[in-house]
2 protein chains.
Amino acid sequence: MTMEDGISKSPGYCGDTDGDYDVLQWDTREDCEVRQILDRIADKWSLLVIALLDQRSLRFTELRRRIDGISQRMLARTLRHLERDGLVSRTVYPTVPPRVDYELTPLGATLHHTIRALVTWTEEHQNQIAFARAAYDARVAVEQETADREAAEREAIARDVLAAGAGRVARMPSESRRPR
Amino acid sequence: MTMEDGISKSPGYCGDTDGDYDVLQWDTREDCEVRQILDRIADKWSLLVIALLDQRSLRFTELRRRIDGISQRMLARTLRHLERDGLVSRTVYPTVPPRVDYELTPLGATLHHTIRALVTWTEEHQNQIAFARAAYDARVAVEQETADREAAEREAIARDVLAAGAGRVARMPSESRRPR
DNA sequence: CGGAATCCGCCACGATACTG
DNA sequence: CAGTATCGTGGCGGATTCCG
């Protein structure tokens, strides 16, 4: 049992939830527990699993087939994490072909609403984001191009000066300049 | 310009947002754009930056100091990603000590509510999760222990059998079986 | 079928140093 | 001050194999 990943034995509270927290101090308490939990539930696969488990309980292979990009290792890991966090429950039927069902716990069900909100936001704004990205990329590309041109120009000038400085006549080698 | 990370030039749509999407098919369209955006905004630092930028605009160093765990590299990267996605805007004041302000765009402001919801959920349920984890860990520890004991027992039996077999005729080793 | 264990590539992230 | 460039490393995640 290598334990491989960062499952800490001791939760180690760092700040209680007394309800007196301030939005402006939210950042300070960030790297305690909230951050960790957030990273866990918002990771690559957890969102998917929770979303799929919302309506009905599913078996391991069913989940595997529905998610499609996931490896059995990652699915097992994700499910164990979610089970550990009390978000999904695991029930084993000791039949001849072993069968294991996963379903959302009440706690997991409450999370689902929040997750849906996030996903919905993403869906609703993905075109805006795509547009913003395209604009940004275009702007960067232009800047890059002009920077390249200017750099080439400077280089050509430097070459010219050097050539003129180097002994003898040396006619303008500016012909070697490569406009792009 | 190494481009280092996965900033793809071409967005590459894979499913339009025609409003006719079904919750049950949400999983299938997962690995297209939504997943990518989700990973971006829910990553380790973006949430923090957006949360901090909610009320007022901040300079680079101000953000750096407030987040505290972050390296200048990650902050720069995060800010550029958010800028690219059109969630924060960057304004440069060409003063003698250069000054750069970051603030949320309207789009970024809309995201803030959703993020707050997620964080709030986490804050409200972190004790439940901690409890579930403790219970899970305890259960696993117990199972682990019993498994170890049984393994040791089996090993002892195996040793007995081998010793009996090595020593000539070997009387029925079934006596060494430990009924449980 | 439902995993656990092992090996391994790769890249995300952090620390450091340099630029404008 | 506000970054970029370079390097080193831990761990995430995939492929494979074995077990109950």
Side-chain angles (χ1 to χ4, degrees), chain A residues 1-8 31 35-36 39-40 42-46 48-49 57-84 88-102 140 143-144 147 150-151 154, chain B residues 1-8 31 35-36 39-40 42-46 48-49 57-84 88 90-102 140 143-144 147-148 150-151 154:
Chain A
M1 182 135 188
T2 345
M3 205 48 124
E4 177 184 59
D5 44 319
I7 295 185
S8 59
D31 35 10
R35 166 122 300 285
Q36 182 187 130
D39 281 352
R40 172 80 60 227
D43 78 351
K44 200 172 184 182
W45 307 112
S46 298
L48 287 212
V49 172
S57 72
L58 291 174
R59 309 181 47 175
F60 187 87
T61 318
E62 288 176 333
L63 281 169
R64 180 153 165 52
R65 253 196 305 272
R66 282 168 186 272
I67 297 187
D68 161 74
I70 199 172
S71 63
Q72 65 285 62
R73 183 184 194 270
M74 280 299 114
L75 181 54
R77 254 171 60 93
T78 303
L79 285 172
R80 255 179 301 110
H81 284 149
L82 293 177
E83 185 194 0
R84 190 174 107 103
V88 307
S89 64
R90 187 181 110 117
T91 45
V92 183
Y93 301 96
T95 59
V96 181
R99 175 200 177 100
V100 180
D101 275 23
Y102 293 93
V140 169
E143 288 172 5
Q144 178 68 23
E150 288 173 6
R154 275 197 303 274
Chain B
M1 184 151 190
T2 347
M3 204 47 126
E4 179 182 58
D5 44 321
I7 295 184
S8 58
D31 35 9
R35 165 123 300 289
Q36 183 187 130
D39 282 352
R40 174 80 59 224
D43 78 351
K44 199 172 186 182
W45 306 113
S46 298
L48 286 212
V49 172
S57 72
L58 291 174
R59 309 179 47 172
F60 188 87
T61 317
E62 288 176 334
L63 281 169
R64 182 153 163 50
R65 252 195 305 272
R66 281 168 185 272
I67 298 186
D68 160 75
I70 199 171
S71 61
Q72 66 284 55
R73 183 185 193 273
M74 288 324 287
L75 181 54
R77 254 170 61 93
T78 303
L79 285 172
R80 217 151 309 100
H81 284 150
L82 293 176
E83 185 194 1
R84 189 174 109 103
V88 308
R90 190 182 109 115
T91 45
V92 182
Y93 301 96
T95 59
V96 180
R99 174 199 177 100
V100 180
D101 275 24
Y102 292 94
V140 169
E143 290 174 4
Q144 178 68 23
D148 283 354
E150 288 174 6
R154 275 197 303 275

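Residue numbering restarts at 1 for every chain, and letters A, B, ... go by the order of the sequence lines.
Note on B:R80: only backbone sugar-phosphate atoms sit closer than 4.0 angstrom, heavy atoms only; bases stay farther off. Here B:R90 lies in heavy-atom contact (under 4.0 Å) with sugar-phosphate atoms only. Counting any heavy atom pair closer than 4.0 Å across all strands shown, A:M74 reaches a base atom. At a threshold of 4.0 angstrom between heavy atoms, the contacts of B:P97 with the nucleic acid are absent.
Computed from coordinates, the A:D43 CG to D:dC12 P distance equals 10 Å when rounded to whole Å. Here the P atom of nucleotide D:dC12 and the CD1 atom of A:I70 are 15 Å apart, to the nearest Å. Atom-to-atom, CG of B:D39 to C1' of C:dC11 comes out at 15 Å; the value is rounded to the nearest Å. Rounded to whole Å, atom P of C:dC1 lies 12 Å from atom CZ of A:R99. Taking atom CH2 on B:W45 and atom C1' on C:dG14, their separation rounds to 10 Å, with Å as the unit. For A:Y93 and C:dC1, the OH to P distance is 18 Å, given to the nearest whole Å. The distance between atom CD of A:Q72 and atom C1' of C:dA5, rounded to the nearest whole Å, is 12 Å.
Distances were taken from every side-chain heavy atom of B:F60 (C-beta onward) to each of D:dG3, C:dG14, D:dA15; the shortest belongs to D:dG3.
Contact annotation: B:R77 reaches the phosphate of C:dC13 (side-chain N/O to OP1 or OP2, under 4.0 Å).
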